[in-house]
Amino acid sequence: MDALWLIPYYACLLCSMGRTSAVSHTIRQSQSLSDGESLVSEGGTFELGFFSPGSSTERYLGIWYKNISVRTVVWVANRKTPIKDLTGELMINSTGSIVVSSKTDGDIWSTNSFKVPQAAVLQLLNSGNLILRDEKVSNSDVYLWQSFDYPCDTLLPGMKLGWDLRSGLNRRLSAWRNSDDPSPGELNTGIELHDYPQAVIRKGSRKYFRSGPWTGEQFSGAPELRVNPVFDYSFISNKDEVYYTYQLKKKSVISRLVLNDTSSSQQRYVWVQADQAWRLYSSVPRDYCDTYGLCGANGVCVISDSPVCQCLEGFKPKSPERWKSMDWSLGCILSKPLNCQSKDVFVKFSHLKLPDTANSQVNGTMNIKDCREACLKNCSCMAYSNSNIRGQEFGCVLWFGDLIDIRQIPNGGQDLYIRIEASGQAKRRVVKAVLISITTVAVLSGLVFFCYYLSRRKKKDKGIGGEEYTSVGPKVDLELPFFDLATVARATDNFSVNNKLGEGGFGPVYKGTLEDGQEIAVKRLSKSSGQGVNEFKNEVNLIAKLQHRNLVKLVGSCIDDEEKMLIYEYMANGSLDSFVFDQTRREQLGWSKFFQIIDGIARGLLYLHQDSRLRIIHRDLKTSNVLLDDELNPKISDFGLARTFQGNQCGDNTKRVVGTYGYMAPEYALYGLFSVKSDVFSFGVLLLEIIRGQKNVCFHHPHQHQNLIGYAWRLWIEGRPLELADFSCEDSSSMSEILRCIHVSMLCVQQNPEDRPNMSAVILMLNGESSLPQSKQPGFLIDLIPTEFTSTRPDSCTANGITFSSFGAR
């Protein structure tokens with residue numbers, strides 16, 4: 001019975017959590033602000049009051065956006081000392097300090113004491129800044145105290161991240177511990193003072209991510225700070241202040257930068273008014289290479305390579321055994337010690353995030369030539385670069401000792417000159433010249449062979465060469481119904497634009513209805529598509545006799561002079577990608593249905609690899625090539641690029657690499673080696689995309705060369721795999737299924753094909769009928785196919801991924 005009095009208390013508490021009454025945008029010494037009341041900025045953008053975060057019942061004084069439906073808190077006063085009841089009060093005391101107190105615990109938070117003002121007033125500005133000023137002072141921009149000097153986890157436009165060297169004030173962000181607790185978590189960030197300042201995120205005292213130094217245009221390791229339509233940014237470094245700040249270009253835009261301990265990242269958001277939601281604009285760390293010091297001393301991280309870590313030119317692994325096992329922590333050492341004489345040379349590296357500047361010196365007046373001489377004269381100097389690249393490059397920065405935390409940034413970064421012993425450099429130049437010569441000869445020989453191949457191919461297509469061809473290729477017993485052109489034209493309303501479902505490398509696809517009412521999809525070969533002719537022949541020869549509930553069924557074909565068409569069963573729900581990458585349709589389906597779809601795709605792939613008449617490697621498995629019938633059963637489609645094998649043969653190599661950007665296994669993309677394990681890799685990518693709801697190559701910012709595989713692996717090795725999932729699960733069994741699917745996907749995308757499971761093992765693991773082994777590092781380069789292997793760079797971020805082919809894979 002003694003606890004009955006708590007019921008009305010908690011009822012009042014719950015009511016007050018969602019309701020405050022605005023009093024003004026200022027408080028004077030004669031006034032106070034109680035729990036249930038609030039200050040609203042004069043423009044109505046921000047509100048200050050007492051609140052309870054998440055599911056907590058404890059009370060905090062904070063500032064949040066007034067007109068955003070989802071309460072978004074940007075600053076908390078008493079983040080370390082919550083109030084346990086509803087008696088919280090804010091006031092200005094007699095000495096001019098701001099005080100938060102409660103009847104139970106007295107004063108629980110206050111600002112530092114200042115010179116006693118004549119008429120203190122506390123005001124909430126429309127920028128989100130809570131300021132204390134003296135009304136008797138004519139200059140209203142002079143503040144006795146401001147919340148912008150004491151940020152929590154959020155940086156707003158106009159705030160400064162960094163130092164006031166005159167007062168010793170260091171403005172840093174520290175993440176909330178979790179959504180229920182705003183007290184400082186493990187993650188914190190700020191500007192670290194060296195000769196060459198840089199922004200650093202730390203986990204506790206350990207460096208976690210480093211932006212690189214300011215180059216005059218942006219931070220060396222932050223290519224996202226390029227010219228953009230959302231905000232302008234600046235970095236100020238002088239004898240009085242060192243800080244970073246940003247301003248929005250349009251007043252209508254709402255943006256914030258948040259340090260998030262849960263995801264261990266720094267995230268920039270933009271509020272989308274039409275959607276009433278925050279949208280992620282950018283985030284760091286971006287990928288595996290952003291891990292501080294991943295490659296150890298004198299190593300460079302290249303996200304497009306596998307493994308990602310390499311020794312800089314002129315260096316070798318300190319421990320070759322550990323390096324081969326992908327333990328890069330010991331880093332690299334010079335291949336040949338420096339002699340500290342004029343024989344030493346500097347190798348130029350471009351597009352780099354500059355090394356950690358903790359052991360660096362800067363001379364802002366030196367040019368790059370003088371910078372080189374200064375480094376050469378100092379035996380401890382290992383590298384040099386310009387300190388400012390805005391306009392005409394100037395300034396000199398020297399690095400001493402080991403070079404830490406270097407990564408390659410394509411289309412960004414900076415030049416770095418690294419010192420090595422001269423004789424080794426000369427040898428490397430000779431080797432490089434020989435390699436260039438060999439490569440040139442190989443390319444010319446390849447062109448000659450290619451031309452010869454084309455001439456032979458043309459002869460074969462004309463019937464020369466001994467093999468008998470029909471209008472669609474070699475004669476085969478298809479046992480497949482044929483439709484005349486008039487029947488197909490009537491079914492598709494004469495190939496009406498209104499009936500067009502889409503278009504691929506072969507040509508357009510139309511919806512049609514036969515006279516008996518059967519709905520069909522007609523794949524019409526484009527007359528100008530050379531690739532389409534090959535796909536047509538291949539698909540006719542392959543799929544005619546394949547029968548499985550998870551493979552699309554070929555109904556018939558139409559061959560009439562130059563017209564060549566394949567007629568399929570119509571899939572009422574279109575392709576899988578329209579559900580995976582559409583948030584509304586994705587939520588409508590839910591996890592349980594997606595899991596059934598995953599299982600069906602796996603079974604269809606198993607049939608191709610193991611149970612069909614021939615062993616078939618699809619070579620282009622992706623979400624847009626999985627169709628859904630009216631009951632949402634998945635059916636693998638598009639066999640134009642597939643290859644067949646007999647007996648125990650399970651793979652081959654090719655000089656014609658075909659597939660889709662973002663799904664190809666590394667060994668296939670780079671060397672033309674394909675097997676059933678290539679399809680397993682593609683299945684792993686498809687599985688990750690279903691779980692996350694984002695394309696592999698479009699994860700965050702494609703131009704920054706980040707992919708979903710790298711992000712998933714980082715979460716996996718950090719023990720946070722469920723953060724990958726974009727599903728709200730109702731029960732623990734769903735969470736268990738998702739976790740199991742993430743684990744299976746990690747196994748499928750492993751770098752070494754031999755480490756990947758076959759599809760029969762995948763199905764057992766998906767359904768919990770088999771134990772799951774530990775995953776090894778995946779192939780990160782899947783979205784970074786070198787440009788020499790592609791005739792064009794496809795835009796894979798469209799609704800349907802684009803298939804490409806190229807010749808000359810190594």
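Positions are given from 1 along the sequence. Everything numeric here is computed off the predicted structure, so don't read it as measured data.
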Q.
Run N93 and T95 through side-chain hydrogen bond (donor to acceptor under 3.5 Å, both in side chains) and show every step you take.
A. CA-CA 6 Å; N93 68 12; T95 63; 2.9 Å; yes
Q. Between W214 and Y244, what is the ring plane arrangement, given parallel below 30°, perpendicular above 60°, and tilted in between?
A. tilted
Q) For the side chain of N260 and the backbone of S264, is there at least one donor-acceptor N/O pair under 3.5 Å apart? A) no
**Q.** Beyond-backbone contact of Q266 with I201, side-chain heavy atoms, under 4.5 angstrom
**A.** yes
Q. Which pair of non-hydrogen atoms, one from V142 and one from R133, has the smallest distance, and what is that distance?
A. O-CB, 3.8 Å
(Q) How close do D415 and L354 get, counting heavy atoms only, and between which atoms? (A) O-CD2, 4.0 Å
Q.
Between N126 and T45, do the side chains contain a donor N or O and an acceptor N or O under 3.5 Å apart?
A. yes
Q) Does the ring centre of Y65 sit less than 6.0 Å away from the ring centre of W278? A) yes
Q.
Could you check whether Y208 and Y292 have their ring centres less than 6.0 Å apart?
A. no
Q) Should the ring pair Y60 and F51 be called parallel, tilted or perpendicular, given that the plane angle runs from 0 to 90° and is split at 30 and 60? A) tilted
Q: Ignoring hydrogens and angles, state whether a donor on the side chain of Y269 or Q267 is under 3.5 Å from an acceptor on the partner side chain.
A: yes
Q) Do C295 and C332 have their SG atoms less than 2.5 Å apart? A) no
Q: Taking the six-membered ring for Trp and the single ring otherwise, decide whether the centroids of F235 and Y243 are under 6.0 Å apart.
A: no
Q: Establish, from distance only, whether the side-chain atoms of S69 and Q276 form a donor-acceptor pair under 3.5 Å.
A: yes
Q: Decide yes or no for C301 and W328: does some side-chain heavy atom of the first lie under 4.5 Å from some side-chain heavy atom of the second?
A: no
Q) Hey, are E186 and R206 close enough for a salt bridge, meaning a charged N less than 4.0 Å from a carboxylate O? A) no
Q: Determine the minimum heavy-atom distance between S255 and P157, stating which atoms define it.
A: O-CD, 3.6 Å
Q) Side chains of D232 and S234: donor-acceptor distance under 3.5 Å anywhere? A) no
Q. So, R172 versus N188: side-chain donor-acceptor pair below 3.5 Å or not?
A. yes
Q | Atom of I27, atom of I92 and distance for their closest heavy-atom approach | A | O-CD1, 3.5 Å
Q: Using only heavy-atom distances, determine whether the side chains of R79 and S174 contain a donor-acceptor pair under 3.5 Å.
A: yes
Q. Judged by modelled atom types alone, do Q414 and T215 share a side-chain donor-acceptor pair under 3.5 Å?
A. no
Q.
Around atom CD of E42, are there more than 12 heavy atoms from other residues, nucleotides or ligands closer than 6.0 Å?
A. no
Q) Charged N to carboxylate O below 4.0 Å: is that the case for E241 and K160? A) yes
Q: Would you tell me whether D180 and S56 have side-chain atoms, one donor and one acceptor, within less than 3.5 Å of each other?
A: no
